[in-house]
Amino acid sequence: MRPVEDTYRHKGLRKKLVQGIQAKGISDERVLDAVLEVPRHFFLDSAFDEKAYEDKAFPIGEGQTISQPYTVAYQSQLLEVKPFLKVLEIGTGSAYQAVVLAEMGAQVYTIERQKKLFESNKSFAFLKKYGSIKFFYGDGYEGLPTFAPFDRVIITAAAPEIPQKLIEQLRPGGMMVIPLGAGDVQRMMRITKLENGALKEEVFDHFSFVPMIEGRKG
Ligand code: SAH
């Protein structure tokens, strides 16, 4: 069961969480405001009611996890989201990251390869208030050519290499944030597609994501 009530206690825990990720180095006010706004416990089973505000990843079923709030904030900050930017997210999972981006004003297109997780979001009533998020069941490696180009691409699973089709779907001047690496630990990268089509690569901290897997799972 999903919780539906957002109490003062939850709001207080959220405030502490925001102070925690701020202390770890997140400074973008729009990111911090979004984390403060979004009731993370809604995205988890009610068994995680208070745990939801610990800065940790938690299971969401199908062997997947909701990313750690610090990681969500870190990727959102690197993405330099501004209102009305078109953002493609690979790995919808719990939809928490998608909602954080929507709170920051982005138009979000998010893809999930696991049917069960995709279906579970369809019946998640809270998401109805986010008309700026479009949900797709598919293989993130293919992206969404029909809706391209995107201003931003965010990959929330560990990619062994940079998916070329997603680079193609990036607008010149656009950016991709991607945890890159085939092992247990990846390196957060930001790839900027310059106006002349060349790629600028920046390397950031180490993270540990679940793998990005090719093909859909029914
Ligand atoms: N952004 C999510 C993180 C979920 S974990 C959140 O905020 O909760 C990563 C997700 O990526 C998993 O749900 C996994 O099923 C999905 N995934 C892995 N490979 C994928 C692919 N090729 N295309 C789409 N989704 C993928």
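Whatever order the structure lists them in is the order used to number ligands and atoms, beginning at 1.
Annotation: G140 places an N or O atom under 3.5 Å from an N or O atom of ligand 1; distance criterion only. At least one N/O-N/O distance between T156 and ligand 1 falls below 3.5 Å. Residue I213 has at least one N or O atom closer than 3.5 Å to an N or O atom of ligand 1.
Near Y96, with a cut-off below 4.0 Å to any heavy atom, the atoms of ligand 1 are 7 (O). Close contacts of ligand 1 with Q114, meaning ligand atoms under 4.0 Å from a residue heavy atom, involve 15 (O). Those atoms of ligand 1 that come under 4.0 Å of a heavy atom in M212, given as number and element, are 18 (C), 19 (N), 22 (N). Here is the list of ligand 1 atoms found below 4.0 Å of a heavy atom in T92: 1 (N), 2 (C), 6 (C), 8 (O). Interface atoms of ligand 1 facing S67, defined by a heavy-atom separation under 4.0 Å, are 3 (C), 8 (O). Atoms of ligand 1 lying under 4.0 Å from any heavy atom of V210, numbered from 1 in the order shown and given with element: 5 (S), 9 (C). Atom numbering of ligand 1 starts at 1 in the shown order; those under 4.0 Å from a heavy atom of Q97 are 1 (N), 7 (O). For ligand 1, the atoms closer than 4.0 angstrom to any heavy atom of T65 are 3 (C), 4 (C), 5 (S), 8 (O).
Considering every non-hydrogen atom in both K165 and Y141, the closest pair reads CB-O, 3.6 Å.
The hydrophobic cluster containing Y74 does not contain M175, counting ILVMFWY residues as joined when their side-chain heavy atoms lie under 4.5 angstrom apart, directly or transitively. One hydrophobic cluster, built from ILVMFWY side chains closer than 4.5 Å, cannot hold both L170 and V81; they sit in different ones.
Put simply, the side chain of Q75 gets close to the backbone of I155: a donor and an acceptor are under 3.5 Å apart. At distances below 3.5 Å, at least one donor-acceptor pair connects side-chain atoms of D45 with backbone N or O atoms of M1. Proximity of a side-chain donor or acceptor of E112 to a complementary backbone N or O of G93 within less than 3.5 Å is detected. R2 contributes a side-chain N or O that, together with a main-chain N or O of F42, makes up a donor-acceptor pair within less than 3.5 Å. Y137 places a side-chain N or O within 3.5 Å of a backbone atom of K217 that can act as its donor or acceptor partner.
By the 30° and 60° cut-offs, the orientation of the rings of Y96 relative to F43 is perpendicular.
The local environment of NZ in K24 is crowded, with over 12 non-hydrogen atoms from other residues, nucleotides or ligands closer than 6.0 Å.
Nearest protein heavy-atom neighbour of atom 10 (C) of ligand 1: G91 CA, 3.7 Å. In this structure, atom 24 (C) of ligand 1 lies nearest to the protein heavy atom R113 N, 3.4 Å. Of the protein's non-hydrogen atoms, the one nearest atom 18 (C) of ligand 1 is P211 O, 3.6 Å. Of the protein's non-hydrogen atoms, Q64 OE1, 3.2 Å is the one closest to atom 12 (C) of ligand 1.
Side-chain contact annotation: S94 with Q64, donor-acceptor N/O pair under 3.5 Å absent.
Considering G93, S94, A57 only, the shortest heavy-atom separation from atom 8 (O) of ligand 1 involves S94. For atom 13 (O) of ligand 1, the nearest non-hydrogen atom from the set Q75, E112, E89 comes from E112.
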